[in-house]
Q: 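Quick one: the structure is below, questions incoming.
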Amino acid sequence: MTELPQLKNKITIAGSGPVGAMLAIILSRANYQVDVFESRPDPRTHIAQQGRSINITLSERAWAALAIIGIDKKVRQYATPLYKRVFHGQDGIISEQNYGKKNQAIWSISREKLTDILISQAEQEAQVNLHFEQRLTYVDFSTACSSFSYLKAGRKGHKEIDADYVFAADGAFSKVRRLAQETPRFSYSQRYMKQSYIELTISPNKDGSSKLSPHASHLWPRKGFLLIALPNNDGSFTCTLYLNYQGPISFSSLTSAKAVEEFFLHHFTDVMPLLENPVTEFLNKTPSPLFLVSVDPWVINNKVALIGDAAHAMLPFYGQGLNSSFEDCHVLAKLIKLYRDDWLKILPAYYLQRKKNNDAISKLSNDYFTEISSLDDNIDEQLNQKIAHQFALKYPELWPSLDQMVSFSPDISYVKAREISVAQKSIMAEIMQIKNIHQCWQEDHIYQELEKMALTRLAPLLK
């Protein structure tokens, strides 16, 4: 009779979202006993609350993590490939930008569906126990013991959970992180953006076809605000409007049906007829905030660790929030094998690797919003992008796009991608200072100068 391998440490995970569920699967397969606690009801039997992003995008970093737990093919069945961005100018001009090389795509998927798949898989793992409607109330950061109170009707009281380690996968509003602020030398900052967001819908045509190109993300950049539409498998689009919370054009100023209608007709003339009840939806929904989280350290007493948004909530504009969180899990899986379950080595290595990389992608996401939200009326930036695009077509190995590095090259760290991007911006700033650049930008000498600078300043970074 074959003996089952002896279970290793017990690990508690706070949060059963995509990151908590993925981490539970990884730890279970490494033969750890895992208990996952979630304050909300099982999402497979309850409708998600308004305010949660309905759609997310998956790129190669996420697919690499999904592949190691064997559910990448299943997830892909419910995802829609996006091959390009389509920019809709206020003047009616439409331009396109490929995400990657031929046939490369990022994938749009319902957050709800992805969560369902991951939780269902975690439920099947031999060493995973899921506990819903149980709220974290206390964590002992020295022993990794924790307390949870029952929220389900008919159950009262709380229970104590002994464990060897605790992972906080409880999102941007992490309770573990709030409790950690009472520990010595724990640094935490949270910065709210001017913008908040609401979600709107573009329904499919009566025959089920899409009203917009279905294999693209659609962006309506306006100065200081932005509308993004991502496709769903049923032909609909989930739209997210990012707008200042306060100010002359803001959620706070648009309080009447007439004002909202005029806002959409003026700024989003082409998309207004496509949206489903935009005025009513706008007025009925409460804007959700956008904020950045910075935490240091991510690991406390080598007993409690933060992961995903609990450690590095970032802006969503580059679509890397969940991708970077899944990469957190992937890195942990590798470190468990590398250090042979020695958590005195695993957790410090995890923190050192992931902190600097998530700081880098957070900065890139912040910069990206600034760029695209001013793209519609920024002639210099439009020309900058044209020149860089033309040069990249001629010398793809010498001038990789940021999309290529971030979304399709998981072997290139976020830190390296940002370093290369900063160098590219510096070079392009010099190119844009060339006399009469708007008239001579297609001439050979421009690209010869670009090649010279790229060879001396970029090539060393690409080795």
Side-chain angles (χ1 to χ4, degrees), residues 18-19 22-23 25-26 29-30 56-73 75-76 79 81-84 97-107 109 298 307-308 311-312 314 318-339 345-365 367-368 388 391-393 395-425 454-455 457-463:
V19 178
M22 172 173 281
L23 181 59
I25 296 165
I26 288 171
R29 293 184 185 179
I56 51 180
T57 54
L58 303 175
S59 58
E60 290 306 310
R61 296 174 198 270
W63 290 117
L66 290 165
I68 66 168
I69 58 173
I71 63 170
D72 51 318
K73 292 180 181 178
V75 170
R76 217 176 278 268
L82 312 180
Y83 298 100
K84 59 188 176 182
Q97 180 187 72
N98 290 337
Y99 277 110
K101 300 174 184 177
K102 187 177 181 181
N103 296 326
Q104 284 185 323
I106 65 170
W107 296 70
I109 188 171
W298 291 9
I307 192 168
H312 51 75
M314 64 185 71
Y318 217 86
Q320 287 295 303
L322 188 62
N323 286 275
S324 64
S325 299
F326 278 1
E327 193 171 60
D328 291 345
C329 298
H330 195 176
V331 166
L332 266 171
K334 291 178 179 178
L335 291 172
I336 289 170
K337 291 182 179 179
L338 176 64
Y339 293 116
K345 294 179 179 177
I346 294 168
L347 290 177
Y350 156 74
Y351 165 64
L352 288 173
Q353 283 192 39
R354 299 309 299 156
K355 167 66 174 168
K356 60 185 179 183
N357 277 291
N358 279 290
D359 283 350
I361 189 57
S362 184
K363 290 173 182 175
L364 286 171
S365 298
D367 292 344
Y368 186 68
F391 185 73
L393 290 176
Y395 305 99
E397 302 305 318
L398 191 56
W399 195 276
S401 71
L402 189 55
D403 276 327
Q404 191 65 45
M405 293 185 289
V406 167
S407 297
F408 302 107
S409 306
D411 292 337
I412 298 177
S413 69
Y414 288 133
V415 168
K416 177 62 72 174
R418 183 170 184 269
E419 186 180 9
I420 293 168
S421 176
V422 168
Q424 289 173 330
K425 287 182 179 180
L455 285 170
R457 289 153 60 177
L458 266 187
L461 299 176
L462 294 168
K463 291 181 179 179

Q: Side chains of Val75 and Trp107: does their closest heavy-atom pair fall under 4.5 Å?
A: no

Q: Report the C-alpha distance between Ile106 and Phe408 in whole Å, list the side-chain angles of each, state the deciding distance to 0.1 Å, and finish with yes or no for side-chain contact (heavy atoms from CB on, under 4.5 Å).
A: CA-CA 8 Å; Ile106 65 170; Phe408 302 107; 4.0 Å; yes

Q: Give a yes or no on whether the backbone of Trp63 and the side-chain of Asp72 come within a donor-acceptor separation of less than 3.5 Å.
A: no

Q: Taking C-beta and beyond as the side chain, do Phe326 and Pro18 meet within less than 4.5 Å on heavy atoms?
A: yes

Q: Roughly how far, to the nearest 0.5 Å, is the NZ atom of Lys416 from the CG atom of Asn357?
A: 11.5 Å

Q: What distance separates Ser413 OG from Lys356 NZ, expressed to the nearest 0.5 Å?
A: 7.5 Å

Q: Flag the pair Pro400 / Gln424 as yes when at least one side-chain heavy-atom distance between them is below 4.5 Å, and no otherwise.
A: yes

Q: Restricting to non-hydrogen atoms, name the atom on Tyr99 and the atom on Leu82 that form the minimum distance, rounded to 0.1 Å.
A: CD1-O, 3.5 Å

Q: Are there over 12 heavy-atom neighbours, none belonging to Lys425, within less than 6.0 Å of that residue's NZ?
A: yes

Q: Quick check against the 3.5 Å criterion: does Arg29 have a side-chain atom that pairs as donor or acceptor with the backbone of Ile69?
A: yes

Q: Restricting to non-hydrogen atoms, name the atom on Ile346 and the atom on Ile336 that form the minimum distance, rounded to 0.1 Å.
A: CD1-CA, 3.8 Å

Q: Taking C-beta and beyond as the side chain, do Tyr318 and Asp403 meet within less than 4.5 Å on heavy atoms?
A: yes

Q: Please test Leu364 against Leu402 for side-chain contact (heavy atoms from CB on, under 4.5 Å), starting from the C-alpha separation and ending with a verdict.
A: CA-CA 9 Å; Leu364 286 171; Leu402 189 55; 4.0 Å; yes

Q: Measuring only between side-chain heavy atoms, which start at C-beta, is Tyr83 closer than 4.5 Å to Asn98?
A: no

Q: Going by the rule side chain to side chain donor-acceptor pair (under 3.5 Å), which residues pair with Tyr350 if we only count those two or more places apart in sequence or in a different chain?
A: none

Q: Quick test of your reading of the model: are Asp359 and Lys355 salt-bridged, counting only N-O distances below 4.0 Å?
A: yes

Q: After noting the C-alpha distance and the side-chain angles of Asn358 and Trp298, does the key distance pass the side-chain contact (heavy atoms from CB on, under 4.5 Å) rule?
A: CA-CA 12 Å; Asn358 279 290; Trp298 291 9; 3.4 Å; yes

Q: Taking the side chain as C-beta and beyond, is there a heavy-atom pair between Leu332 and Ile307 under 4.5 Å?
A: yes

Q: In Å, rounded to the nearest 0.5 Å, how long is the span from OG of Ser401 to NZ of Lys101?
A: 8.5 Å

Q: Could you report the tightest heavy-atom contact between Glu397 and Leu462, atom names first, then the distance?
A: O-CD1, 3.5 Å

Q: According to ring pair (Phe, Tyr, Trp, His ring centres under 6.0 Å), who are the partners of Tyr395, at least two apart in sequence or on a separate chain?
A: Phe391

Q: Can you name the nearest heavy-atom pair linking Pro81 to Ala105, along with the distance?
A: CB-CB, 3.9 Å

Q: Testing Arg61, Gln320, Arg418, Glu327 for side-chain contact (heavy atoms from CB on, under 4.5 Å) with Ile361, which one passes?
A: Gln320

Q: Rounded to the nearest 0.5 Å, what's the gap from SG on Cys329 to CG on Leu66? Could you check?
A: 10.0 Å

Q: How close do Ser59 and Asn323 get, counting heavy atoms only, and between which atoms?
A: N-OD1, 2.8 Å

Q: In the structure I gave you, are the side-chain heavy atoms of Thr57 and Leu322 within less than 4.5 Å of one another anywhere?
A: no

Q: Can you check whether Ser324's main-chain N or O pairs, donor with acceptor, with Arg354's side chain at less than 3.5 Å?
A: yes

Q: Can you see which heavy atom on Ala65 is nearest to which on His330, and at what distance?
A: N-ND1, 3.9 Å

Q: Is there a side-chain contact between Lys345 and Leu335 in this structure, where contact means two heavy atoms from C-beta onward sitting under 4.5 Å apart?
A: no

Q: How would you list, by chain and number, every residue that makes a side chain to side chain donor-acceptor pair (under 3.5 Å) with Gln404, sequence neighbours excluded?
A: Gln104

